[in-house]
Structure formats: C-alpha cells, structure tokens
Amino acid sequence: MKKYNLFIVLISLLTISCEDFLDRDPLDKITDVQMSFTAKEMELYANKYYGNFPTLSGFDYGPYERDNASDNLVSGAYNYDAQISGTITVPSSGGGWNWEMLRGLNFFIENYHKSPDPITQTAPYIGEIYFWRAWFYYDKLKQFGDLPWINKALDANSEALYDGRISRSIITDSILADLDKATLLLPEKESAIAGRLHKDAALLFQSRVALYEGCWEKYHDGTPFGVQNAKPDKYFRIATEAAKTIIDKEIYKIEPVDGDKEKGYWKLFNQTDLSANKEVLLWKKYDMSLGVYNNSQNIWGVSDNNTGVSKYMVNSYLCTDGKPISISPLYQGDDLIENEVKDRDPRLAQTIFLKGEPRVIINGQVSGYFTLPDMTYDSRLRNTTGYQLAKGCDPSAVHEGGYITASIIFRYAEVLCNYAEAKAELEECTQSDLDLSVNQLRERVGMPYMTVNVGFNDPDWDFPELSPLLNEIRRERRIEFACEGYRFDDLMRWAAVRLIKRPMIGAKMKQFADVKDEFKPVLDPEAIPVNEKGYIAPHWNSPAKNGWKFDENKNWLKPLPSNELVLNSNLKQNPGY
C-alpha cells in the first residue's frame, strides 16, 4: 500500500510538471537545453548546490560568523555585523537580494519529467532540488521577511519579475510544501549515497523552518514585522511532528564519542570520519589526497575577526547540581577561569581552553600547552575576551599542512532541541517529552535531568517574562550549540532585543594582568579595554560601549537594495529603512 501511494503521488508530481511545461519559457533561453535529464545528469546538476551548506572554515568565523554578532562570541570590531550593530544602510544593489540560484532550481523542476530513466532512479535528485529550493527561500525569508514567490525559470521579459512581495507565512507554507515533496522523494538514510541528502535531513530542516516561523509570528506579533492573523501554533505543530518522525525511527542516538563523558562532547567536533557516529545525520568529509580540506579546527581558537567567547555564554552553563550560578552553592566565582569551570556543566570545560591543556600535538606528542589566551596579538588573530574557544580546535588536527576535520551539517541534537522547544511553546511538554529529547543531551555529559517543573527560579533568566520551562529549554539549546552558528537566528526569532543590546564583556582582566610578563609582548596588556567592574570590554572605546545600537524598529530584517525598488515599483521597502 505504501509503494502504491508513493507511485500515485509521484505520478501526480509528474502530471503537475507536465502542465507547467506548457507555460514555461522558451528552451532556447535556457543554458541547459541539451540536458536529457538522465539520472546521472540530475546527480551532476544537483551537486553544485551542496556548496550552500555551511561547511567548516572555523567555529568562530566563516560560516559560523553570526555567533560573533550575537551574545555568544564577541568580535573586536564595533560594526562587525552591521545589522546587529545598527549601522546597516540601504545598499544601492546586492545586499543579499540575489535570485540567480533560484532560476537554476526552477529550470530543473520544470524539466525533470523529461528524463528517460525510471522515477526510482531519478526521485532522489528531484527530492534534492526541492530541498535546495526550500533552503534558498528560507535563507531569503530570514533576511528580508516577505518575498516574491517564483516557481518558474524566468527570463528578462517575464512579467513575474515585477511581482510584489507576499506574506512571509505564505512563503513559509511554500517552503514546507517543498520539503514535503523532498521528504517523499528522498531515500531513507541507510539507502542514501554517503554524503547526499536523505529523508531525515529534510525532516530536520522542516522542523527548523517551522520552529523559526512559529516563534517569529508569536514574538513579533503586533509589530510591523509580524504577520496578519498569525498562527504560530500551526508551525509549532509541524515542527514537533517532523522532529518526532525522526525520533520514532530510533536509529539515532546521543552518546559521548569513545564513551568519554569528560571529553566526548569536545571530540564530536574533531573527527575526520563520522560515518559510524549515531548522532550525525549529514556531514562532509575532507580528504587531503583529493585536495579537499578546510583551514578550520585551527589550534589557536581565534579568528580572522578578533573573537572570544562572551561572559554571558559562560554564565549560562549550570552547575553540576543542575542549578544556575546565581543560586548554586557550588559556584566558585569568576576571579579565575579555572574556578569558573569547577562543578559546572562539563560542556563548558569542553568549549573553552583551560590552562595546562595540550595546544599542539605532533605525531602523538604534546609540543605545546595552553597557558594564556591570545589577547596580545596585534594581528587579526586575537582573542578579545579572555575566554578562548576550544570547541572545534583539535591540537592534533594538522595533517600535511592542512585540516581534514569532518564538517557536521545536521545532527540529532537539533532534532531533540527543536522538539522540546516546540512542545513547550504549545504548552504540551511533559516529563516524557523532556526525557525523550533534551535530557538525552544531559545524559551524555552526566548532568542532572531537566524536570518539567524546573524546580528553581533563576533571577538571571534571559527571558523572565516566559515560563521557567521555556527558559531552561532555551538555555539547553544555547549550551549544546555554543558557537555553531545558531544563536543569531535564535535571538532574531525570539525578538530578544534586550539580549542583543547588552554590552559585550569577557573575563576578569586581573587574572591576566597579574601574569602580564607571560603575555606575548606585541600589544601592551594595559591597552586591553576593561570596564568599571574589571571585566574585559572589547567595545569599551567604541559606540557599542553600552551595547549594540540595534534598532528594534528596523533591524530585525535587512533592507532591500534601492535599485530593485526603482526597477520594480511593486516592491516595498522593509520597515524603518
């Protein structure tokens, strides 16, 4: 019966495409006119889109750079991210408003039915293209909100080029519909070609999209950025269902690498091969012999953009009694980083460098240990906060002059966090739901389980207006995905303006000033900015001294470029610009 239903749906998809074919643009205006759309040609066609995945060039820069623009990592540059800093202006052109990728995707969707090969061979690649169209539109949705919906390969004379923008909720529904098709057409993980998309990757992405839109519609409601007749629960329901479908398969598992609860979380991000890892849904392999390598996982834990882990992120980790530092008797203060990590969630000590840890390992032999953060470099590679990122920095990751550490694209931990958060937003989260989801993450590192009644009140909760349970689920998400590039999107969908606008700070400076002779003498330690309480303050001498100048009347979205508004009078600028 399942095979029969699949056949009927596939025939329906093909029929729809045949109808669209009658209205498509002339083939002589398409560069791929000679394609016969064999399964092999489809595979090659789809390959080019895999470069859109955020693969590694560093956990504190590159594709993960937007954690720098949040309250996880602190860049030394005042206007590093113009949207967050409030310095963004209307561009004359560009600015992310680029639709070239969409044309190629739509051309494929309009023409895949021409294939001489059976649907059993071509379905995976058709599913991939539907996934990539969803990926393209989700990226644009986060940047600009309302969008034109274009589902045909347009040429320069197409009237649809002058369409206006439609509600983001309709765009989201269209994205989710594409992901429904992708899920139907893609193979199960166990039968998918290694490194290629499969059903579970599409389901995870669907839960991500739905959770984002549900939160956006809920927390931006009543503002110029909200949606008329918002239905956030509809999207929370989709997010839970997509995540639960993956959970119910019982093929993924959260477990420390090598069974090591002390370092197993850290080791997850320093593997060269993840094919046997039960948490990873999709990853990219690097191979020096093929000239495919990354310059991430660097042994320094600093970046091109002068970055450091923020004090706010460090403070978010619970103590080993399951309580926050504001009320736990286990917390030993923050005069020394070594004291800060004692009796804390083990993920903290696996996220930042600690004194005495191996920093360089060559041929299995330690040739250097971490002593002090690299705050005195005069180059772009400088730590800004005193907390130096260790997550993703493998001392032995150097191989023949390059790096081949595997890049995680989708992991099961996100499925669990998405599920728990969406259930809590629906006010349906039970203890069983927590045990099925976020408590699996705590089990990996030996932390006490989260309870549905939480059991404490934290005076420093990030979201005091929300329920204790939602606060703790959001805390768990922040800790689990620290510096992996999720935080910016989370702050935007939660409309977390207070957190965005906080002044960025790092560790207490005195602990480093007392040993200043050990610093590299490139930059005078006394030149490192410090606030009135003695904490390192990277923006102390900039307009962001008291926090980012984020404008909540406009900076939730980017502006459309001015030339597009001139070319198409049906396009309207985003609020505030």
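For clarity, every value in this text was computed on a predicted model and none was experimentally measured.
- For the pair E552 and R498, the salt-bridge criterion is not met [side-chain N within less than 4.0 Å of a carboxylate O].
- Between the side chain of H220 and the backbone N or O of M492, at least one donor-acceptor pair lies under 3.5 Å.
- Other residues, nucleotides and ligands place no more than 12 heavy atoms under 6.0 Å from the OH atom of Y369.
- Residue-environment remark: CD (E357) exceeds the threshold of 12 foreign heavy atoms within 6.0 Å.
- Between K253 and E443 there is no salt bridge, since no side-chain nitrogen of the basic residue lies less than 4.0 Å from a carboxylate oxygen of the acidic one.
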Pair W540-E532, side chain to side chain contact (heavy atoms under 4.5 Å, CB included): steps then yes or no: CA-CA 10 Å; W540 193 249; E532 70 279 358; 2.9 Å; yes

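- When only modelled atom types and interatomic distance are considered, N277 and Y252 share no side-chain donor-acceptor pair under 3.5 Å.
- Salt-bridge check for D345 with R475: failed, with every basic side-chain N at 4.0 Å or more from each acidic carboxylate O.
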Could you go through I536 and T384, starting from their C-alpha distance and side-chain angles, then the distance that decides it, and tell me whether this counts as side chain to side chain contact (heavy atoms under 4.5 Å, CB included)? CA-CA 8 Å; I536 296 169; T384 57; over 6 Å; no

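- Taking 4.5 Å as the limit, every side-chain heavy atom of K267 sits out of range of all side-chain heavy atoms of N270.
- By the 6.0 Å contact criterion, CD on E427 is open, its count of non-hydrogen atoms from other residues, nucleotides or ligands being 12 or less.
- Using a 4.5 Å cut-off on side-chain heavy atoms (C-beta onward), F236 and E428 make no contact.
- Salt bridge annotation for R487-D462: present, with a cationic side-chain nitrogen under 4.0 angstrom from a carboxylate oxygen.
- For the residue pair D71 and S310, no side-chain donor N or O sits within less than 3.5 Å of a side-chain acceptor on the partner.
- Between F53 and W135, the ring centre distance stays below 6.0 Å.
- Using a 4.0 Å cut-off between charged nitrogen and carboxylate oxygen, E340 and K508 do not count as a salt-bridge pair.
- A donor-acceptor pair shorter than 3.5 Å cannot be found between the side chains of S70 and N72.
- With sequence neighbours left out, R474 forms a salt bridge (Lys or Arg N to Asp or Glu O under 4.0 Å) with E425.
- Taking the six-membered ring where the residue is Trp, W216 and W556 present perpendicular rings, their angle passing 60° and hence far from 30°.
- Salt bridge status for D335 with K510: absent, with no side-chain N to carboxylate O gap under 4.0 Å.
- For K323 and Y331, the side-chain atoms include no donor-acceptor pair closer than 3.5 Å.
- For the pair S207 and Y419, the minimum side-chain heavy-atom distance is 4.5 Å or more.
- With contacts defined as side-chain heavy-atom distances shorter than 4.5 Å, the pair F456/S328 does not qualify.
- Between the side chains of D433 and T430, at least one donor-acceptor pair of N or O atoms lies under 3.5 Å.
- The closest side-chain heavy-atom distance from I408 to E279 is not below 4.5 Å.
- One finds no salt bridge joining R442 and E480 here, because no Lys/Arg side-chain nitrogen approaches an Asp/Glu carboxylate oxygen to under 4.0 Å.
- Counting heavy atoms from C-beta outward, D146 and I171 have side chains that stay 4.5 Å or more apart.
- Looking at heavy atoms from C-beta onward, T385 lies out of side-chain contact with P373 at the 4.5 angstrom threshold.
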